[in-house]
Engineer: 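Have a look at this one.
Every number for a ligand or one of its atoms is a count from 1 in the order of the listing. Here the structure is a predicted model, which means the values were calculated and not measured.
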Amino acid sequence: MVTSRGNHPPISTPDIASEEIGAAKAAIARLENRYLNKLQVNPDLTRSLVSFQSNKSEPIFRWFNYREGFSRPLIEYILEQLDIPENGCILDPFAGTGAAAFVGSQYRKMNSYAIELLPVGVFFMKCRNLFATLSNEELIDFARAAIDKRQEWLAVQPHWQYRHLRITHEAFPEETEKELSQYKTWIAEQEPNFALFLDFVAFSILEKISFTRKDGQYLRWDHRANRFQGSKHKSKFDKGKIWGFFEAVEDKFKQIVCDLETSIDLFSSIPRIEGEAIHILQGSVFQEIEKLSDNSLDCIVTSPPYCNRYDYTRTYALELAYLGVDESGVRTLRQSLLTCTVENKPKQFSDLPNDIQSQGELAFHNQDCLQNAIRFLESESSAGRLNNQGIVTMVKGYFYDSAIHLAQASKKLKHGGYYVMVNDNVRYNGLELPVDLILSDIASEFNLNTESIWVLPRGKGNSSQQMKRHGRAELRKCIYIWKKC
Ligand SMILES: C[S@@+](CC[C@H](N)C(=O)[O-])C[C@H]1O[C@@H](n2cnc3c(N)ncnc32)[C@H](O)[C@@H]1O
C-alpha cells in the first residue's frame with residue numbers, strides 16, 4: 001500500500017544570509033534523518049480523497065459546503081487500514097462538521113464524540129443528528145412542503161433581523177435580505193423538526209446569495225456590493241451569478257429531494273438510529289476533552305487548523321452572524337481557536353491540570369527543530385523581513401497549543417489506541433517547517449509512537465508571493481499515524 005519516501009522531493013530552501021537559517025536547516029535535517037523511514041508515500045491518498053472534493057456526490061455531506069471537511073471515503077479508509085474495532089469509541093477533537101464522528105457512528109456503529117468550537121460546525125452536526133432520526137420520506141416531504149409555501153412567508157411581517165458583523169455589512173442585496181428575514185420569521189411558527197430543517201437550508205445558502213466568497217484568510221467581495229458605493233476602495237472581483245433567495249433555497253430543496261430519491265442505495269445504507277448519532281461537545285478542545293474519561297478512546301481521527309493563518313471566524317462570518325454571534329462573540333471565538341492566525345494572543349492554560357501544563361511546556365521547549373525555526377523567524381522579524389510580525393507569535397502558539405492538546409489527548413486514548421492527524425507543512429520566509437515531524441516528535445513525549453507518516457504523492461504548492469521570492473518547492477501534506485504505547 002505505501003512505499004518508503006524514496007525520491008520524494010527533498011526540502012529545498014535558498015540561502016538567506018543569516019546564521020539562524022543555517023542552524024534551522026541543520027535541525028530540520030537532523031529531524032528528517034530520524035524520521036526518514038516513517039515518511040511513506042501512500043499512492044492511495046489522492047488529493048480529492050483527502051479533501052472535501054470526494055463529498056461532492058455524497059448526500060448530507062454535500063448539503064453544506066464546509067471546504068475543510070473530511071470525505072466519507074477517507075475516514076472509512078483510515079478505520080479499515082488501522083483495523084479499528086467496530087463498536088469502539090472514536091473522537092474528533094477538531095470536528096468541524098463532524099465527518100469522522102458521523103462515519104464512525106453511522107457506518108461502524110462506534111460510540112462517537114465530536115468537539116467543535118465554532119457554532120457553524122456545531123449547528124451542522126445538530127441538524128445531521130436530527131436528520132439521522134428521520135426517514136427519507138419525512139425529509140422529502142419537508143423539502144416539498146417548503147417549496148410550496150413561499151407565499152406564506154412572503155405574507156409575513158418580518159421580526160427576525162440578520163444582525164450584521166462589521167465584516168458582513170452589505171453582504172446581501174436588499175431584496176434578498178428582506179426575504180431571508182420573512183422566511184426566518186415564518187420558520188419560528190413551524191413545528192420544531194420542520195423548522196430546524198428550514199433553518200438548515202437557509203444557513204447552507206448564505207454564501208451563494210451574498211456578494212462574498214470564502215477565501216482562506218478572509219471573505220472576498222464582489223465589485224457589485226453596495227459596500228463599495230462612494231468608496232475609493234473598489235473590488236475587481238466578480239464572483240459570477242449572485243443567487244436570489246428563493247431560487248437558492250428552491251435549488252437546495254431540489255438537491256436534497258434528488259439525493260434522497262435517486263441515491264437511495266447510498267442513503268439507505270445509513271442506519272437510522274434512535275437518539276443522537278454522535279455526542280457533540282461544543283467549546284474549546286482544551287476544556288471539552290477533559291470531560292472524557294481517561295483510557296476510553298480507541299481512536300482519535302482529526303484535522304486541526306493548519307499553521308497557515310487561515311481564520312475560520314472571518315471566512316464563516318456570514319454563518320456566524322446568521323447564528324446570532326455578535327462582534328465580541330467573534331473576538332472570543334477567534335482567541336479560543338487553536339492558534340492559527342496572526343491575531344491570536346498566547347493562551348494561558350491555568351485552568352488545566354498542572355501535569356498537563358508542565359508536560360506540554362516541556363515538550364514544546366525541548367523540540368530542538370522547532371526552537372531553531374523560531375529563532376530564525378525571530379531574526380527575520382528583527383531584520384524587518386517578515387511580512388507580518390504576528391507570524392512568530394502564531395508559530396510559537398500553534399506548537400505550544402498543540403503540545404498541550406497532545407498531552408491531554410494521549411491520556412484519553414486506550415493503550416494501543418490510534419491518533420490519526422491530517423495536516424500540511426507550511427513555509428515562512430523560505431523555510432519549510434516540517435509540521436509533520438515536529439508534531440510527531442512532540443507526540444512521542446506523550447507515549448504516542450509514530451507508526452508512519454503517510455505522505456500524499458503530490459504536496460501542496462506554495463503561495464504566489466513565496467514562489468516569487470523563494471522559488472517553487474512542494475510542501476508535504478500528510479496523515480500521521482501515532483499509536484499509544
Ligand atoms: C480543518 S477543520 C476540521 C474539519 C473537519 N475534519 C470536518 O470534517 O468538517 C478544523 C476545525 O477545528 C476547529 N477548532 C479550531 N480551534 C478549536 C478549538 N480550540 N477547539 C475546538 N475546535 C477548534 C475549527 O473551528 C475547525 O472547524
Engineer: Under the criterion ring-ring contact (aromatic ring centres under 6.0 Å, His included), which of Tyr419, Tyr418, Trp454 is the partner of Trp482?
Structural biologist: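 Of all the options given, the one that passes is Tyr419.
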
Engineer: Return the closest protein heavy atom for atom 22 (N) of ligand 1 as residue, atom name and distance.
Structural biologist: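 Looking at atom 22 (N) of ligand 1, the protein heavy atom closest to it is Leu117 N, 3.3 Å.
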
Engineer: Considering only the protein, which heavy-atom contact is closest to atom 8 (O) of ligand 1, and what is its distance?
Structural biologist: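 Atom 8 (O) of ligand 1 sits closest to the protein heavy atom Phe70 N, 2.8 Å.
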
Engineer: Considering heavy atoms of the protein only, find what lies nearest to atom 5 (C) of ligand 1 and give residue, atom and distance to 0.1 Å.
Structural biologist: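 Closest protein heavy atom to atom 5 (C) of ligand 1: Ala95 O, 3.3 Å.
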
Engineer: Would you please test Arg67 and Glu207 for salt bridge (charged side-chain N to carboxylate O under 4.0 Å, His left out) and show each step?
Structural biologist: CA-CA 12 Å; Arg67 288 172 181 72; Glu207 183 179 4; 3.3 Å; yes

Engineer: Hey, which atoms in ligand 1 end up nearer than 4.0 Å to a heavy atom of Ser303?
Structural biologist: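 Close to Ser303: 1 (C), 2 (S), 3 (C), 10 (C).
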
Engineer: Using a 4.0 Å cut-off to any heavy atom of Pro304, which atoms of ligand 1 qualify?
Structural biologist: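 Under 4.0 Å from Pro304, ligand 1 has these atoms: 1 (C).
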
Engineer: Looking only at protein heavy atoms, which one is nearest to atom 16 (N) of ligand 1, and how far off is it?
Structural biologist: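 Ranked first by proximity to atom 16 (N) of ligand 1 is Leu338 N, 3.0 Å.
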
Engineer: Parallel, tilted or perpendicular, judged at 30° and 60°: which one describes the rings of Phe94 and His405?
Structural biologist: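 Perpendicular, since the angle between the ring planes exceeds 60°.
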
Engineer: Which ligand 1 atoms, with their elements, are less than 4.0 angstrom from a heavy-atom of Gly283?
Structural biologist: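 Once the distances to Gly283 are compared, the set is 20 (N), 21 (C).
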
Engineer: Suppose we screen for side-chain hydrogen bond (donor to acceptor under 3.5 Å, both in side chains). Which residues come up paired with Tyr113, at least two apart in sequence or across chains?
Structural biologist: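 Counting only residues at least two positions away or on another chain, Tyr113 forms no side-chain hydrogen bond (donor to acceptor under 3.5 Å, both in side chains).
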
Engineer: Give the residue and atom name of whichever protein heavy atom lies nearest to atom 4 (C) of ligand 1, and the separation in Å to one decimal.
Structural biologist: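 That would be Glu68 O, 3.4 Å.
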
Engineer: Would you say the rings of Phe211 and Phe172 are close, in the sense that their centroids are separated by under 6.0 Å?
Structural biologist: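 Between Phe211 and Phe172, which both carry aromatic rings, the centre distance is not below 6.0 Å.
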
Engineer: Which protein non-hydrogen atom lies closest to atom 2 (S) of ligand 1, naming both residue and atom, and how far is it?
Structural biologist: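 Residue, atom and distance for the closest contact: Tyr312 OH, 3.5 Å.
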
Engineer: Can you sort out which atoms of ligand 1 are near Ala99, meaning under 4.0 Å from one of its heavy atoms?
Structural biologist: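 Near Ala99, the atoms of ligand 1 are 8 (O).
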
Engineer: Any N or O of Ile115 that comes nearer than 3.5 Å to an N or O of ligand 1?
Structural biologist: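 N/O-N/O distance under 3.5 Å: no.
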
Engineer: Has Asn354 got more than 12 heavy atoms of other residues, nucleotides or ligands less than 6.0 Å from its CG?
Structural biologist: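 Open: at most 12 neighbouring heavy atoms sit under 6.0 Å from CG of Asn354.
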
Engineer: Nearest 0.5 Å, please: how far is CH2 in Trp160 from OH in Tyr183?
Structural biologist: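 Result: 11.5 Å between the selected atoms.
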
Engineer: Can the ring centres of Tyr310 and Tyr312 be said to be less than 6.0 Å apart?
Structural biologist: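 Distance test on ring centres: under 6.0 Å, yes.
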
Engineer: May I ask you to identify, for Ala100, whether its side chain, its backbone, both or neither come under 4.0 Å of ligand 1 on a heavy-atom basis?
Structural biologist: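 Within the 4.0 Å criterion, Ala100 makes no contact with ligand 1.
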
Engineer: Does ligand 1 have any atom sitting under 4.0 Å from a heavy atom of Ser336?
Structural biologist: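 It does, in that a heavy atom of Ser336 comes within the 4.0 Å cut-off of ligand 1.
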
Engineer: Against Glu343, only a single residue in Arg331, Met394, Arg314 fulfils side chain to side chain contact (heavy atoms under 4.5 Å, CB included); can you say which?
Structural biologist: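 Of the listed residues Arg331, Met394, Arg314, the side chain to side chain contact (heavy atoms under 4.5 Å, CB included) partner of Glu343 is Arg314.
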
Engineer: Where the closest heavy atom to atom 3 (C) of ligand 1 is concerned, which of Tyr66, Tyr316, Phe64, Phe94 has it?
Structural biologist: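 Answer by nearest heavy atom: Phe94.
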
Engineer: How far does CH2 of Trp243 sit from NZ of Lys208, to the nearest 0.5 angstrom?
Structural biologist: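 The CH2 atom of Trp243 sits 4.0 Å away from the NZ atom of Lys208.
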
Engineer: Between Glu116 and ligand 1, is there a nitrogen or oxygen pair with a distance under 3.5 Å?
Structural biologist: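 Yes - when backbone and side-chain N and O of Glu116 are compared with those of ligand 1, one distance drops under 3.5 Å.
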
Engineer: Within less than 4.0 angstrom of ligand 1, does Cys340 place any heavy atom?
Structural biologist: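 No; Cys340 lies far enough from ligand 1 that no heavy-atom distance drops under 4.0 Å.
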
Engineer: Taking side-chain hydrogen bond (donor to acceptor under 3.5 Å, both in side chains) as the test, write out the residues that go with Thr168, two or more places apart.
Structural biologist: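 Only His164 meet the side-chain hydrogen bond (donor to acceptor under 3.5 Å, both in side chains) criterion with Thr168.
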
Engineer: Return a yes/no value for Val285: is any of its N or O atoms, backbone included, closer than 3.5 angstrom to an N or O of ligand 1?
Structural biologist: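 Such a contact does occur with ligand 1.
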
Engineer: Show me which atoms of ligand 1 lie under 4.0 Å from any heavy atom of Thr97.
Structural biologist: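 In order of number, 7 (C), 8 (O), 9 (O).
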
